[in-house]
Amino acid sequence: MSLLLACLSGLIFGLGLLLSGMSNPAKVQGFLDISGAWDPSLAFTMAGAIGVAMPFFFWARQRSRTWLGLPLALPVSARVDRRLVFGSVLFGIGWGLSGICPGPALVGLGGGFLPAMVFVAGFCGGILAFNRRSRSTGDA
Amino acid sequence: MIIDWPHFTPWSALAGGGLIGLAAALLLTGLGRIAGISGIFAGLLQPFAAENRWRWAFFLGLLFSPWLLRTLRPGQPAFPDADITAPGQWLLLLVAGVLVGYGTRMANGCTSGHGVCGLARLSPRSLVAVLVFMGSAMLTVALLRHLPGGVS
């Protein structure tokens with residue numbers, strides 16, 4: 001049951017990315033290009049996603065188990081540190097260069113969208129490089 | 001600031017966003033997990049990580065979503081035409097992928113985990129992450145497009 005639900009969530013998430021235009025790199029770069037001709041569409045996507053999800057996060061805050069009886073695991077870290085900021089800077093540069101972030105990359109991989117497939121090769125490399133570095137420095 | 005009206009699609013953008021929010025709500029209220037895609041995918045690259053079963057299920061759903069869209073909306077392509085012919089474009093995409101992979105692990109989240117779920121639960125940590133990666137991405141596009149000799 002829970003696996004079916006996770007699969008359904010992935011399917012709906014991907015459909016949302018496709019429908020909104022998040023999976024179109026040119027659309028994303030048009031949204032990020034505030035100094036040129038700006039396409040604000042994807043601000044509506046963020047607002048729609050946050051608006052729908054927010055009441056459920058409030059619901060979850062008052063509970064310890066889900067309606068499937070599983071434990072609710074919300075992030076506990078509230079730390080704003082150099083790692084958060086520096087990592088987000090790097091992510092932003094890669095997102096701006098390509099117009100692709102992780103969700104649309106995986107949706108594109110599934111749909112045979114060549115730019116996303118090339119991106120995912122680098123994405124895997126970046127994740128593995130980070131894991132290797134944090135193992136060697138003992139960082140979590 | 002100039003608005004690019006011909007490309008402005010508020011309704012499909014809003015509807016797509018609603019679906020993304022719904023998907024995050026399903027995962028949260030059913031499985032008790034955050035729909036953070038960089039974290040889910042990074043878990044799959046560690047083959048023996050605990051609780052990878054639901055991550056695989058979610059990942060499969062994402063992979064099959066273009067197929068679902070093509071079924072629901074036949075005759076319309078799920079993705080734009082993309083010719084990557086110049087070696088420079090391949091390299092750019094690869095480098096961008098590396099930066100996104102490394103950066104999202106370092107910051108523990110991306111547009112979905114920090115952007116959608118983090119902001120929906122009013123996490124100050126996620127708000128900082130979102131402001132930083134949006135700012136960094138906007139600056140990158142500005143340099144890429146409007147610097148003399150920029151690529152597009």
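We name chains A, B, ... by the order of the sequence lines, and we start the count at 1 in each one.
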Looking at every heavy atom in both A:M54 and B:L119, which two are closest together, and how far apart are they? CE-O, 3.9 Å

Taking CZ in B:R73 as the centre, count heavy atoms belonging to other residues, nucleotides or ligands within less than 6.0 Å. Is the count above 12? yes

Go through the steps to decide whether A:F91 and B:V132 satisfy the test side-chain contact (heavy atoms from CB on, under 4.5 Å), and finish with yes or no. CA-CA 9 Å; A:F91 165 41; B:V132 172; over 6 Å; no

Contact winner vs chain B - A:G87, A:G69, A:G10, heavy-atom pairs under 4.5 Å: A:G10

With heavy-atom distances below 4.5 Å as the criterion, would you say the side chains of B:W56 and A:L3 are in contact? no

Of the backbone (N, CA, C, O) and the side chain (C-beta and beyond), which part of A:A78 lies under 4.5 Å from a heavy atom of chain B, both, or neither? backbone

Please state whether the side chain, the backbone, both or neither of A:P55 comes within less than 4.5 Å of a heavy atom of chain B. neither

If two hydrophobic side chains count as joined below 4.5 Å and joins carry through other members, does B:I2 share a cluster with A:L32? no

Should the pair B:F58 and A:F13 be assigned to parallel (<30°), tilted (30 to 60°) or perpendicular (>60°) ring geometry? perpendicular

Do A:V107 and B:F79 come close enough that some side-chain heavy atom pair is under 4.5 Å? yes

Out of A:A47, A:A49, A:G48, return the one with the most heavy atom pairs under 4.5 angstrom to chain B. A:A49

Can a donor-acceptor pair be found, under 3.5 Å and without considering hydrogens, that links the side chain of B:R105 to the backbone of A:G126? no

B:L45 CG to A:I127 CD1 distance, which is reported to the nearest 0.5 Å: 5.0 Å

A:F113 and B:P80 have their tightest heavy-atom pair at CE1-O, 3.5 Å

For the residue pair B:L72 and A:L15, establish whether any side-chain heavy-atom pair is separated by less than 4.5 Å. yes

So which of A:L84, A:L68, A:L97 has the largest heavy-atom pair count under 4.5 angstrom toward chain B? A:L84

Write down the atom of A:S9, the atom of B:L27, and the distance for their closest heavy-atom approach. OG-CB, 3.8 Å

What distance separates B:L139 CG from A:I93 CD1, expressed to the nearest 0.5 Å? 8.5 Å

A:F56 and B:L22, any side-chain heavy atoms less than 4.5 Å apart: no

Return the minimal non-hydrogen interatomic distance between A:L70 and B:G30, and the atom names on each side. CD1-O, 3.7 Å

Given heavy-atom pairs under 4.5 angstrom as the criterion, report whether the side chain, backbone, both or neither of B:R70 touches chain A. side chain

Could you have a look at B:S112, B:S38, B:A24 and say which one has the most heavy-atom pairs with chain A under 4.5 angstrom? B:S38

Can you confirm whether more than 12 heavy atoms, excluding those of B:F8, are under 6.0 Å from its CZ atom? yes

Does some side-chain heavy atom of B:C110 sit less than 4.5 Å from a side-chain heavy atom of A:P102? yes

From CH2 (A:W38) to CD1 (B:I3), nearest 0.5 Å: 5.5 Å

Checking heavy atoms, do the side chain of B:S136, its backbone, both or neither come under 4.5 Å from chain A? both

Select one option (side chain, backbone, both, neither) describing which atoms of A:W67 are under 4.5 Å from chain B's heavy atoms. both

Engaged part of B:W67 at the chain A interface, taking heavy atoms whose separation is under 4.5 Å: neither

Chain B interface, residue from A:L4, A:T66, A:L74, A:L19 that has the most non-hydrogen pairs under 4.5 Å: A:T66

Chain A contact via B:S123 - which portion, at a heavy-atom distance below 4.5 Å: neither

Okay, side chain of B:R125, backbone of A:R79: is any donor-acceptor separation there less than 3.5 Å? yes

Looking at B:A120, B:G109, B:G118, which makes the most heavy-atom pairs under 4.5 Å with chain A? B:A120

From the list B:T111, B:L28, B:V95, the residue making the most non-hydrogen contacts under 4.5 Å with chain A is B:L28

Nearest-0.5 Å distance that lies between atom CG in A:L18 and atom CG in B:L68: 9.0 Å

What's the shortest heavy-atom distance between A:L90 and B:Y102, and which atoms? CD1-CD2, 3.9 Å

For the pair A:F130 and B:T104, evaluate side-chain contact (heavy atoms from CB on, under 4.5 Å) and give the outcome as yes or no after the intermediate values. CA-CA 10 Å; A:F130 180 79; B:T104 52; over 6 Å; no

Heavy-atom distance under 4.5 Å to chain A: side chain of B:Q46, backbone, both or neither? side chain

Largest heavy-atom contact set with chain A, pairs under 4.5 Å, which of B:L60, B:V130, B:I84: B:I84

Which one, B:M134, B:R55, B:H7, leads in non-hydrogen pairs under 4.5 Å with chain A? B:H7

Looking at B:N108 and A:R83, what are the two nearest heavy atoms and their distance? ND2-NH2, 3.4 Å

Does a side-chain heavy-atom distance below 4.5 Å link B:W90 with A:L114? yes

Spell out, as yes or no, whether a donor-acceptor pair under 3.5 Å connects the side chain of A:S2 to the backbone of B:L31. no

Under a 3.5 Å distance rule, please check whether A:S88 uses its side chain to pair with a backbone N or O of B:F133 as donor and acceptor. no

List the steps, then state whether side-chain contact (heavy atoms from CB on, under 4.5 Å) holds for A:L72 with B:T29. CA-CA 8 Å; A:L72 269 158; B:T29 59; over 6 Å; no

B:V141 versus A:F31: any side-chain heavy-atom pair under 4.5 Å? no

Top contributor to chain A interface from B:G32, B:G115, B:G16, B:G97 [non-hydrogen pairs under 4.5 Å]: B:G97

Looking at CG of A:L11 and CG of B:L62, how far apart are the two atoms once the value is rounded to the nearest 0.5 Å? 8.5 Å

Is any side-chain heavy atom of B:L93 less than 4.5 Å from a side-chain heavy atom of A:M117? no

In terms of heavy-atom pairs under 4.5 Å with chain B, the winner among A:L42, A:L5, A:V120 is A:L5

By the side-chain hydrogen bond (donor to acceptor under 3.5 Å, both in side chains) test, which pairs, at least two apart or in different chains, include something from residues 19-28 of chain A? A:K27-A:D39, A:K27-A:S41, A:K27-B:T9

Chain B shares the most heavy-atom pairs under 4.5 Å, among A:G99, A:G51, A:C124, with A:C124

Under 3.5 Å, is there a donor-acceptor pair between the side chain of B:R121 and the main chain of A:R61? no

Cluster check B:L94, B:V98: I/L/V/M/F/W/Y, side chain < 4.5 angstrom: no

Quick one: does A:W95's side chain have a donor or acceptor within less than 3.5 Å of a partner on B:V100's backbone? no

